[in-house]
Structure formats: structure tokens, C-alpha cells
Amino acid sequence: MSICLEPDGRVRDLADRTAQFVQRVVLPVEERTGGAAPSEAQRLSLQDRARSWGVFAPHLSQDLGGLGLDMRDRAGVFENAGYSLLGPLALNIAAPDEGNAHLLDRVADADQRERYLVPLAAGRVRSCFAMTEPAPGAGSDPAALRTTATRIPGGWRIDGVKWFITGADGADFAICMARTSGRPGDRGGATMFLVDTGNPGLILERHVPTIDESMTGGHCQLRFRDCIVPDDAVLGEVDRGFEYAQVRLAPARLTHCMRWLGIARRAQDIALDRSTERRLFGARLADLGMSQQSIAENEIDIAAARGLILRACWDLDTGGDAAQSSSIAKAFTAEAVWRIVDRSVQLCGALGISGDAPLSRMLREVRPFRIYDGPTETHRWAIARRAVRARAKTAARREAPAQAGSR
Ligand SMILES: Cc1cc2nc3c(=O)[nH]c(=O)nc-3n(C[C@H](O)[C@H](O)[C@H](O)COP(=O)(O)OP(=O)(O)OC[C@H]3O[C@@H](n4cnc5c(N)ncnc54)[C@H](O)[C@@H]3O)c2cc1C
């Protein structure tokens, strides 16, 4: 099978335009906010500017006002948007809205599309995705899901607590995973519900304080208490929530990789600029062997992450099984991005730690990526299990003819 990863001219132009847009429009705003989440007015204004530059919503289909890129074509555009902490928000490709739009596009019925997807695609509203619960609830293992949705006449009653729900403050609606059958620990029995944040049974209890600050709407703890929703709040079919979560998670973890690779590249650019200017021991820092090693390791990590992301995108675009390739890409990229930013801080010395350069903020912003969208250990565990299963299958196939022949 041949794999073509080269984008066509239209996509290359779009990626270049995105890079220009980020340099000229977004980075000055990031400088003003210090990288913290922008106000609602700043978000809307950035999105207006993105529209006028022709770079808004590259991932959405044209009937939703987007540019219709497949996963492979998104890679370069998202990476260039991710060069600024605010770039993804400007293009309306930030988490969790981007992943939620993808999920709604695949699963929502016509009314739900009109009511939730159309305004989300246009950037008129924001959303959140509520799956994780405080221990002992759903986390790395979603089957531990404890939030329940109980059948009542004409609808459902949702009860439970969710935390680390990114973007919840100010969101118009939540996609909530709740258990409609089985018990915590069971592999099935989850359903997705569309819950308006104005619902009196949905309470924003607090912002969880975290090391990162750039996510609009923070990371919130939500309580669903006697939260009554009608039948048409069910997204897709009852008890198929874990399947739909997979529809969202594989592409969403790749787009996270793309965006954070943009920040890693910016960290490397800052380190390169610094190490060519800074003189130490009679030489440029960039010409000292151990600095060269860090610079080279950064280049290798960037190239390897890019390659793995594109490989997994290819699997998704061609309808293949992307479970293994997207886990590999996620586990590698999350660790690589961390290494790249950390090495860049080291190359810049005390400046890297200071607030005078954006590197210390980048370090704080990228650290959680090793935990969300599946911690590295969960992915490695899944990758190893698949490898063992695949090997067992190959061995069984090899044995089969031999046994047939001996009969
Ligand atoms: C900044 C941020 C934003 C988030 N946003 C959202 C959101 O919008 N919506 C949402 O629903 N959730 C969100 N999450 C939650 C995230 O998905 C969970 O944190 C993640 O799934 C891990 O679950 P947990 O925190 O409960 O850790 P636990 O499940 O308690 O895991 C703890 C640790 O166990 C280790 N581990 C896991 N699996 C294995 C294994 N198989 N073998 C060995 N060790 C293992 C890992 O090191 C892991 O970090 C967010 C988290 C963060 C940090």
C-alpha cells in the first residue's frame, strides 16, 4: 500500500496563510493577554479576523461554513494555528469545541444539528464534554462511570459529579456521559446527553485550580442533581455512549497532537534564536556540542511526531483501524512536546524560567497533555495489549495449516 502524505497546493496555501495570520493577528493578542484565556469579546473578534483571512473552521464541512479538510490536511494547518496558545480558538478548532463539533456532525439528528452544531460551528456558542469524574469514577478507565441517567416519563434524570470539564464556564451546552444500564466497571451501558447549561439541575460548583491557564472557560467541577432532560436530549442511541466516545476521541487526540506540536515548534524557534545570539566560553551557544544535541533532539522529536500524526490521520481518512496508530501518535507526541519545551527552557537558561519569555508558560500549558486524552501509561498499556494480541493471531495462523496438514 502506498501512502501519500503531501498536501495539495490549496492546503499548503491555507497552512501558510494560517501561519501568517497567527504571526500578524494572534500573537500580538497573546502578548497582551499573557497567554491567559481571552475574554469573550476577544474570542469573537479573533474569530471575525480569522473569517476575513479565510482560515476559519478548516475542519468543518462547507455546509457548516468550514473549509472541508480531511484529517491529513488538517495536520499542517492545525500545527500552524497551534504556534500561538490562542491560534486554535481564533480558528474555532480549539478543544473541546472542535471534538464536539466532529461528534455532533457524526451522531446528531437533524434537530440537534440545527440547535447545537450550527451555532457551535459558527463560533456563536461554546460547549464542553463531561466524561471524567472524581475517583472512584470514570478517568483513565471510562468503564468506572458512576453518573447515572434514570428513565422518567418523557425523559431522563441525570445525577452525578464531573470534574476537569474544560470550557464549562460560559459554555452553552454540555455533552454528558451517563450510565443508563449496568454498573460501574461494566464495559457498556453509557449514553450521551445534550444538556443546556441553563438547566437548573446542572450546577457549576467550582473552577479546579490547575497549572495551565489558557483554556477558555477553565476546567470545572459540575454537579448534575435531579437534572431533568427530555428524550430528545439523547445524542445517538441509548447505551451506545462508549462507542460514540471512540468516534470523538481518536480524531480529537490527533488534533490535540497537531496543535501542541505547533507550540513545541515555537519553543524550538525561541531556543534557536537564543542559542545563536548568546555567546558562552568564546563560542555561540548554538555551536557548543551539548546544545547541538538538544537542538537536534528537538528536531528529531518534531519530525517523528509529525510523521506519526500523519500516519494515524491516513488510517482515519481511509477508514482503517486507527486505534493503534492514534495511541502511538498520542503517547509519543505528548511526551515529545514536553521534552521539546523542557529542552528549550534549558537552552535559554534563567530566561527560560522567567516570565520574560513565553517558555515557562508553555511548559505549564503542555504538561497536562500527558494526562488528558488518555495518560501516556494508558496508551502504552493498550499498545502493548494490541501487539500481544496481534502476535498471538499471527502465531495461530501459522499453526493452522500445519495442524490441518497433520490430520
Ligand atoms: C487539563 C485537563 C483537562 C481535561 N479536560 C477534560 C474534559 O474536558 N472532559 C473530560 O471528561 N475530562 C477531562 N480531563 C480529564 C482527563 O481525561 C483525565 O484526567 C484522564 O482520563 C485521566 O483520568 P484521571 O485523572 O482520573 O486519572 P486516573 O485514572 O486516576 O489515572 C492516574 C494515573 O494512572 C496511570 N495509569 C493509567 N492507566 C494506566 C495503566 N493502564 N497502567 C499503568 N498506569 C496507568 C497514569 O499515570 C495516570 O495518570 C481533563 C484533564 C486535564 C488534566
Side-chain angles (χ1 to χ4, degrees), residues 35-37 85 88-89 94-103 120 126-147 158 160-171 173-179 184-185 190 192-193 195 197 202 204-224 235 241-242 244-246 248-250 252-253 255-256 259-260 263 323 327 330-331 334-335 337-338 361-388:
L85 292 168
L89 196 73
D97 290 337
E98 176 259 337
N100 286 347
H102 176 83
L103 175 67
L120 187 64
R126 292 194 295 100
S127 63
C128 61
F129 186 75
M131 168 128 101
T132 305
E133 300 160 343
S140 310
D141 182 3
L145 186 72
R146 296 172 85 83
T147 298
I158 307 174
V161 181
K162 302 284 184 181
W163 84 327
F164 270 89
I165 308 310
T166 305
D169 194 356
F173 65 94
I175 300 176
C176 172
M177 286 276 279
R179 187 167 280 293
M192 286 190 179
F193 292 91
V195 185
T197 47
L202 172 49
L204 194 163
E205 286 193 326
R206 65 175 179 131
H207 277 244
V208 182
T210 59
I211 58 174
D212 63 324
E213 288 179 337
S214 72
M215 295 289 183
T216 298
H219 308 297
C220 300
Q221 179 160 315
L222 303 178
R223 183 172 295 276
F224 293 81
L235 180 59
F242 286 129
Y244 301 141
Q246 291 313 312
R248 184 185 186 281
L249 286 181
R253 70 171 70 115
T255 52
H256 256 314
R259 291 181 292 253
W260 286 128
I263 275 295
S327 268
K330 199 289 173 173
E335 299 296 324
V337 163
W338 170 253
R361 167 172 294 279
M362 290 176 186
L363 206 56
R364 293 196 299 277
E365 295 295 329
V366 302
R367 181 60 182 86
F369 186 38
R370 295 171 61 200
I371 293 174
Y372 57 72
D373 282 353
T376 303
E377 292 75 12
T378 317
H379 283 294
R380 287 191 195 282
W381 173 73
I383 291 164
R385 287 184 352 144
R386 289 190 205 104
V388 169

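For this chain, numbers begin at 1 and follow the sequence in order. When a ligand or atom number is given, it counts from 1 through the structure's own listing order.
Residue Phe129 places at least one N or O, backbone or side chain, under 3.5 Å from an N or O of ligand 1. Between Trp163 and ligand 1, a contact under 3.5 Å exists for no N or O pair. Distances between N or O atoms of Thr166 and those of ligand 1 include at least one value under 3.5 Å. Not a single N or O atom of Ala138, backbone or side chain, sits closer than 3.5 Å to an N or O atom of ligand 1. Considering backbone and side-chain N/O atoms, Glu377 comes within less than 3.5 Å of an N/O atom of ligand 1. Geometrically, ligand 1 and Thr132 share a nitrogen or oxygen pair separated by less than 3.5 Å. Residue-to-ligand polar distances place Ser140 within reach of ligand 1: an N/O pair is separated by less than 3.5 Å.
Listed for the Glu365 side chain is a donor-acceptor partner under 3.5 Å among the backbone atoms of Glu213. When atom types are taken as modelled, the side chain of Arg248 and the backbone of Leu103 share no donor-acceptor pair closer than 3.5 angstrom. Put simply, the side chain of Thr197 gets close to the backbone of Ala171: a donor and an acceptor are under 3.5 Å apart. Within the 3.5 Å criterion, the main-chain N or O of Gly167 finds a donor-acceptor partner in the side chain of Arg126.
Nearest to atom 21 (O) of ligand 1 by heavy-atom distance, out of Ala130, Gly139, Ala174, is Gly139. Closest heavy-atom approach to atom 1 (C) of ligand 1 within the set Met177, Glu133, His219, Arg385: this belongs to His219.
Remark: Trp381 CH2 to Asp141 CG distance equals 7.0 Å, nearest 0.5 Å. Separation of atoms CE (Met192) and CD1 (Ile175) is listed at 7.0 Å; rounding is to 0.5 Å. Atom OG1 of residue Thr147 and atom CE of residue Met131 lie 11.5 Å apart, to the nearest 0.5 angstrom.
Shown in contact with Ile371 at under 4.0 Å from a heavy atom are these atoms of ligand 1, numbered in order with element: 19 (O), 20 (C). Remark: ligand 1 atoms within the under-4.0 Å shell around heavy atoms of Pro375 are 22 (C), 46 (C), 48 (C), 49 (O). Listed by number with element, the atoms of ligand 1 under 4.0 angstrom from any heavy atom of Trp381 are 41 (N).
In this structure, Thr210 does not count as a contact residue of ligand 1, since none of its heavy atoms falls inside 4.0 Å of the ligand.
With sequence neighbours excluded, the residues forming a ring pair (Phe, Tyr, Trp, His ring centres under 6.0 Å) with Phe173 are Tyr116, listed by chain and number.
Protein heavy atoms are absent from the 4.0 Å sphere centred on atom 33 (C) of ligand 1. Distance check for atom 23 (O) of ligand 1: a protein heavy atom is found below 4.0 Å.
Distance from atom 2 (C) of ligand 1 to its nearest protein heavy atom, with residue and atom name: Tyr372 CD2, 3.3 Å. The nearest heavy-atom contact from the protein to atom 38 (N) of ligand 1 is Thr378 OG1, 2.9 Å.
Contact annotation for Arg380 and ligand 1: no heavy atom of the residue comes within less than 4.0 Å of the ligand. Residue Phe164 touches ligand 1 through backbone and side chain together, judged by heavy-atom distances below 4.0 Å.
Under the 30°/60° scheme for interplanar angles, the aromatic rings of His256 and Trp260 are found to lie parallel.
Within a 6.0 Å sphere centred on CZ of Arg380, other residues, nucleotides and ligands contribute 12 heavy atoms or fewer.
Contact record, Pro134 with Trp163: N-CD1, 3.5 Å, taken as the closest heavy-atom pair.
No side-chain heavy atom of Val161 sits under 4.5 Å from any side-chain heavy atom of Phe224.
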